[in-house]
Amino acid sequence: MIQKINQLVETILQGMAQGAEVECVQRIPYHGAGMISSPLFCLKMDIFYRGPIPRYPERLAALPPPQYLETAMTREKDRFFLDRMPIHLDYKEVSKIDEELEELGKPDSPFRQETTYSLFRLYHGIPVHTKSDWIRGVKAQLETMPEGFWTFQRRNLAGRLEHQLSDLAAAVFNRDGMFFQIGLARFLETLAELLFAVNRQFLSPTEELKFQIDGLEILPAGFTGYFDSLLREDSGFDRDRRLALARHLAEGALALV
């Protein structure tokens, strides 16, 4: 399977990396639930352009005919199958990334993305094609993020977590099962990113969150037990009990901020 993935990477590089406007191509690594044997696995690659991103017919013209093509209206993503392997290609403009990173280096400049997952992809992506040292410089900058960045992230996420915990309590009071389930999902996402920020790490892919959280160095006391209980698919855990578990988890995470 590894050989097949390497062959597909080479196929994509031959089709995508020939143009002078392609600065860099990175493959996004997997470490946990996204292993090749998992049904969640797909080959993720980021393609960085110096200049405008081409329209999708031009992007895919040099590749073998894809199956089940899905392209975003924003012209920044293509999803398809090659040789029965799911492929996810994300396209990014170098100039926009440079602008974003320049802002992050300024005092009191907030991070304007919804999560830090985009920074995870930049930092942990494996370069498979480069035309200069640009991506190396990007990784060096992300290696030494200013403390103000992490302070802002922790405070922002802490406030969001408290708000979402209140939403869960309101859902329990109103006996609103749908609102509770939606609120719980949002709560878990925010809790995860807050713990990553406490550990000065960028948010990992969603399919790897549990694996990555278990490996964090700094976690609240008793976190694993409460967290695993909240994730249990057990009809015996009603909404009141899940709310109590969420409150324990939030109190522990907020104490680390």
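Here Leu191 contributes atom CG and Leu165 contributes atom CG; the two are 10.5 Å apart, rounded to the nearest 0.5 Å. The structure places OH of Tyr56 at 7.0 Å from OG1 of Thr71, a figure rounded to the nearest 0.5 Å. In this structure, CD on Gln212 lies 13.0 Å from CG on Leu195, to the nearest 0.5 angstrom. Between the CD atom in Gln164 and the CG atom in Leu188 there is a gap of 9.5 Å [rounded to 0.5 Å]. From Leu8, atom CG reaches atom CZ of Phe81 across 12.0 Å, with rounding to the nearest 0.5 Å. Here Ile5 contributes atom CD1 and Met85 contributes atom CE; the two are 4.5 Å apart, rounded to the nearest 0.5 Å.
Taking the six-membered ring for Trp and thresholds of 30 and 60 degrees, Tyr91 and Tyr49 have ring planes inclined between 30 and 60 degrees apart.
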task = Give the C-alpha distance, both sets of side-chain angles, the deciding distance and a yes or no for side-chain contact (heavy atoms from CB on, under 4.5 Å) between Lys92 and Ile97.
result = CA-CA 8 Å; Lys92 308 171 190 293; Ile97 292 173; 3.9 Å; yes

ask   = Could you walk me through whether Leu142 and Leu101 pass the side-chain contact (heavy atoms from CB on, under 4.5 Å) check?
value = CA-CA 8 Å; Leu142 294 175; Leu101 294 182; 3.8 Å; yes

request  = Just do the side-chain contact (heavy atoms from CB on, under 4.5 Å) check on Arg79 and Asp90 with the steps written out, would you?
outcome  = CA-CA 9 Å; Arg79 304 288 183 263; Asp90 281 26; 3.1 Å; yes

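Residues Ile126 and Ile28 fall into different hydrophobic clusters, defined by Ile, Leu, Val, Met, Phe, Trp and Tyr side chains chained together at heavy-atom separations under 4.5 Å. Two different hydrophobic clusters hold Ile182 and Leu231 under the rule that ILVMFWY side chains link at heavy-atom gaps under 4.5 Å.
Open room surrounds NZ on Lys96; 12 or fewer heavy atoms of other groups in view lie less than 6.0 Å from it. Enclosure of atom CZ in Phe80 by more than 12 non-hydrogen atoms of other residues, nucleotides or ligands within 6.0 angstrom is indicated. In the displayed structure, Arg186 atom CZ is contacted under 6.0 Å by at most 12 heavy atoms of other residues, nucleotides or ligands.
Within the structure, salt bridge (Lys or Arg N to Asp or Glu O under 4.0 Å) pairs that include any residue of residues 190-199 do not occur (at least two apart or interchain). Residue pairs meeting the salt bridge (Lys or Arg N to Asp or Glu O under 4.0 Å) criterion with at least one member in residues 141-158, sequence neighbours excluded, are Glu147-Arg154, Glu147-Arg200. The salt bridge (Lys or Arg N to Asp or Glu O under 4.0 Å) analysis of residues 41-64, with sequence neighbours excluded, yields the pairs Glu23-Arg50, Lys44-Glu207, Asp46-Arg121, Arg59-Asp78.
Classification of Arg232 and Asp228 as a salt-bridged pair fails, no side-chain N sitting under 4.0 Å from a carboxylate O.
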Only pairs under 3.5 Å count here: list side-chain donor-acceptor contacts from residues 166-180, not counting sequence neighbours, and write none if there are none.
unit_1: Ser166; atom_1: OG; unit_2: Glu162; atom_2: O; d: 3.2
unit_1: Asn174; atom_1: ND2; unit_2: Ala170; atom_2: O; d: 3.3
unit_1: Asp176; atom_1: OD1; unit_2: Met178; atom_2: N; d: 3.3
unit_1: Asp176; atom_1: OD1; unit_2: Phe179; atom_2: N; d: 3.0

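Applying the ring pair (Phe, Tyr, Trp, His ring centres under 6.0 Å) test to Phe223 and every residue at least two apart in sequence or in another chain returns Phe227. Phe196 meets the ring pair (Phe, Tyr, Trp, His ring centres under 6.0 Å) test with no other residue; sequence neighbours excluded.
In plain terms, the two heavy atoms of Leu256 and Leu219 that are nearest each other are CD1-C, 4.1 Å.
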